[in-house]
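All heavy atoms count here, side chains included; hydrogens, waters and symmetry mates do not.
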Amino acid sequence: LLNDLQQNPMNGGPEAEALGASGIEHIVLVGYGFGAIVAHQVALQLRQEGFSDVALVLFDSEVAWPPSYSADRMGGYQWLGGDIEAALLACRAVGRTDFARGLALELVSSQGPLDVDDVLMRVFWELAPGGMTQSYYRDCIEYASLVLDRMNYVAASFGAPDRPFDGPSLHMSSTSREFRGAENVNRKHCTRLEVVYGRGNHYNFVQREHVHSIIGPLSN
């Protein structure tokens, strides 16, 4: 479906046609981070293809790209490349948000080309006390870099949706203030949006210690 969207954003494609032929009627699309943008685009396409029973669940993320300016989150400032963005994301995910924010601001305001290896090593030594080995860290960054660069390209190509999704939509909001703007953005692009507030921050509210706060709304 993602390839269909990139090649034929308004006209469907073979994957959408195959889904229609499968006999599936009730579809729930779930998106988190970049996935929220893709889920919304797929929902719009499915509605256009004639699927009437499509629902959308968005985990603390907006369906339009880029988000408003914020040095505290990916996309809220100039894109720094997959390697660096992956490293900053790792910092935020383990609670090193102040470090990630300061480094992002430093890099955005720097003059000349960035020394990616130096940045990656600075982040590694910030994360190393948690027990992460350098080889594991490099492997994670290499993989995540490819994914993030691709998804940033896809999200940027979509930009803001050209029409709202009119099916039932659920926005699961965390306690992270830097993602609170996603709720208002999604209200513009989802006409039947319900908002539920979970516990935990953007990076851990779907993990075991907090997930019970969103199980009920998801079940309903």
* Chi angles and distances behind the side chain to side chain contact (heavy atoms under 4.5 Å, CB included) call for Met172, Phe205 -> CA-CA 9 Å; Met172 312 293 293; Phe205 85 126; 4.1 Å; yes
Taking all non-hydrogen atoms of both residues into account, name the closest pair between [X] and [Y] and its distance.
X: Asp149; Y: Gly82; answer: OD1-N, 3.0 Å
X: Ser145; Y: Ala86; answer: N-CB, 4.1 Å
X: Ser173; Y: Asp60; answer: CA-OD1, 3.6 Å
X: Ser61; Y: Asn186; answer: O-ND2, 2.9 Å
X: Cys91; Y: Phe99; answer: SG-CD2, 3.7 Å
X: Ala87; Y: Val123; answer: O-CG1, 3.6 Å

* Structure fact -> side chain to side chain donor-acceptor pair (under 3.5 Å) test vs Arg199 passes for just one of Glu209, His212, His210, namely His212
Does one hydrophobic cluster hold both [X] and [Y], with members joined at side-chain heavy-atom distances below 4.5 Å?
X: Leu88; Y: Met132; result: yes
X: Val185; Y: Val196; result: no
X: Val38; Y: Phe51; result: yes
X: Val211; Y: Val57; result: yes

Salt bridge (charged side-chain N to carboxylate O under 4.0 Å, His left out) partners for [X], two or more places apart:
X: Arg96; value: Glu126
X: Arg47; value: Asp166
X: Glu142; value: none

Between [X] and [Y] (side chain of the first, backbone of the second, donor and acceptor by atom type, cut-off under 3.5 Å), is there such a pair?
X: Asp83; Y: Val116; result: no
X: Arg180; Y: Ser174; result: yes
X: Asn204; Y: Gln207; result: no
X: Glu85; Y: Leu80; result: yes

* **Reported CD-to-CD distance for the pair Gln45 and Gln41, which is rounded to 0.5 angstrom** => 9.0 Å
* Asked: Hey, what do you get for CG (Leu58) to CD1 (Ile37), rounding to the nearest 0.5 Å?
  -> 10.5 Å
* All pairs passing ring pair (Phe, Tyr, Trp, His ring centres under 6.0 Å) where residues 61-94 contributes a residue, at least two apart -> Phe34-Trp65
* ring pair (Phe, Tyr, Trp, His ring centres under 6.0 Å) partners of residues 104-132, not counting sequence neighbours, each pair once -> Phe124-Tyr137
Indicate yes or no: at least one non-hydrogen side-chain atom of [X] is less than 4.5 angstrom from one of [Y].
X: Cys190; Y: His40; answer: yes
X: Val42; Y: Leu46; answer: yes
X: His189; Y: Glu62; answer: no
X: Phe158; Y: Val63; answer: no
X: Val119; Y: Asp117; answer: no
X: Ile141; Y: Tyr143; answer: no

Acceptor/donor pairs from residues 103-114 side chains to any protein atom, 3.5 angstrom cut, sequence neighbours excluded:
{"residue": "Glu106", "atom": "OE1", "partner": "Arg122", "partner atom": "NH2", "Å": "3.0"}
{"residue": "Glu106", "atom": "OE2", "partner": "Arg122", "partner atom": "NH1", "Å": "2.9"}
{"residue": "Ser109", "atom": "OG", "partner": "Leu105", "partner atom": "O", "Å": "2.9"}
{"residue": "Ser109", "atom": "OG", "partner": "Glu106", "partner atom": "O", "Å": "3.2"}
{"residue": "Ser110", "atom": "OG", "partner": "Leu107", "partner atom": "O", "Å": "2.7"}

* Residues Thr175 and Asn201: side-chain donor-acceptor under 3.5 angstrom -> no
Go through the structure and list residues passing side-chain contact (heavy atoms from CB on, under 4.5 Å) with [X], not counting sequence neighbours.
X: Ala43; answer: Leu29, Val54, Leu56, Phe165
X: Ala55; answer: Val28, Pro168
X: Ser70; answer: Asp72, Arg73, Glu178
X: Asp98; answer: none

* Structure fact -> Contacts of His202 meeting ring-ring contact (aromatic ring centres under 6.0 Å, His included) (sequence neighbours excluded), chain-then-number -> Tyr32, Phe179
* Co-members of Tyr197 in a cluster of I, L, V, M, F, W and Y side chains, linked at under 4.5 Å -> Leu193, Val195
